Amino acid sequence: NAGVTQTPKFRILKIGQSMTLQCTQDMNHNYMYWYRQDPGMGLKLIYYSVGAGITDKGEVPNGYNVSRSTTEDFPLRLELAAPSQTSVYFCASRPFQGNTEAFFGQGTRLTVV
Amino acid sequence: AQSVTQPDIHITVSEGASLELRCNYSYGATPYLFWYVQSPGQGLQLLLKYFSGDTLVQGIKGFEAEFKRSQSSFNLRKPSVHWSDAAEYFCAVALNTGGFKTIFGAGTRLFVKA
């Protein structure tokens, strides 16, 4: 059982470039989330989704876009990369019901230069 | 808006000493509560969680936490710290509404001295 898989693990972007961070889960979870973690800080919620076709903004959505065309996938898009988006990005998922925590991927370390 | 406060940015304890990491939350309803640990360059590992019932919960690696509703706190404890416990610790809360979003504190860095 792979759980939550993020690709790539590392990426260096130039200012103004675009990229998509991939996130896939194989647990049939309804809820999925994207977080960013800046050095020495906690995780901040960027976007989340409660099911295929439904997304909503979190605390820090500016500069990002998401889509949820399937239950399994929740890609995060950076259209015009800026140095302020240098961070570690975590994807997570959880089921709709049940007393359980969110399950996290291993993260994508992104540097914008 | 909901928030999580970890008042201590970093804490240093001697190996074998006891540990308490503080966490306070601001929520209008009964939250779900979590403690995660993160080693440098690594992902998040769940230490323990509280949803309901007994307010003292046991987790992995010998950690425990106590939920105190009157103080809006969920402090993490360990009776005897090991050098391998050095890491960043995050308290988090979630509400079972609006997508079950989990909100994280800023973290407490634990240093363990020999």
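Fair warning: this is a prediction, and the values are worked out from it, not measured in the lab. In what follows, every heavy atom counts, from backbone to side chain, and hydrogens, waters and symmetry copies are set aside. We name chains A, B, ... by the order of the sequence lines, and we start the count at 1 in each one.
- For a residue to count as touching a neighbouring chain, one of its non-hydrogen atoms must lie under 4.5 Å from one of that chain's; by this rule A:Leu43 touches chain B with backbone and side chain alike.
- In terms of heavy-atom pairs under 4.5 Å with chain B, the best-connected choice from A:Met41, A:Gln106, A:Arg94 is A:Arg94.
- In this structure, the ring of A:Phe96 has its center no less than 6.0 angstrom from the ring center of A:His29.
- The aromatic rings of A:Tyr33 and A:Tyr31 lie perpendicular to each other, with more than 60° between the two planes, well past the 30° mark.
- The pair B:Lys61-B:Asp85 fails the salt-bridge criterion, with no side-chain N (NZ, NE, NH1 or NH2) lying under 4.0 Å from an Asp/Glu carboxylate O.
- Between the A:Ser87 side chain and the A:Tyr89 main chain, no donor and acceptor come within less than 3.5 Å of each other.
- Only the side chain of B:Gln38 comes within contact range of chain A, with heavy atoms under 4.5 Å apart.
- Note: B:Phe63 and B:Tyr89 meet the aromatic proximity criterion, with ring centroids under 6.0 Å apart.
- Interface residue B:Phe90: only side-chain heavy atoms are found under 4.5 Å from chain A.
- Interface residue A:Tyr35: only side-chain heavy atoms are found under 4.5 Å from chain B.
- Comparing A:Tyr48, A:Phe103, A:Phe104 by heavy-atom pairs within less than 4.5 Å of chain B, the highest count is held by A:Tyr48.
- Judged as a salt bridge (charged side-chain N to carboxylate O under 4.0 Å, His left out), the pairs with a partner in residues 99-113 of chain A (not counting sequence neighbours) are, in order, A:Glu101-B:Lys49.
- Ranked by heavy-atom pairs under 4.5 Å with chain B, the first of A:Glu59, A:Gln37, A:Lys44 is A:Gln37.
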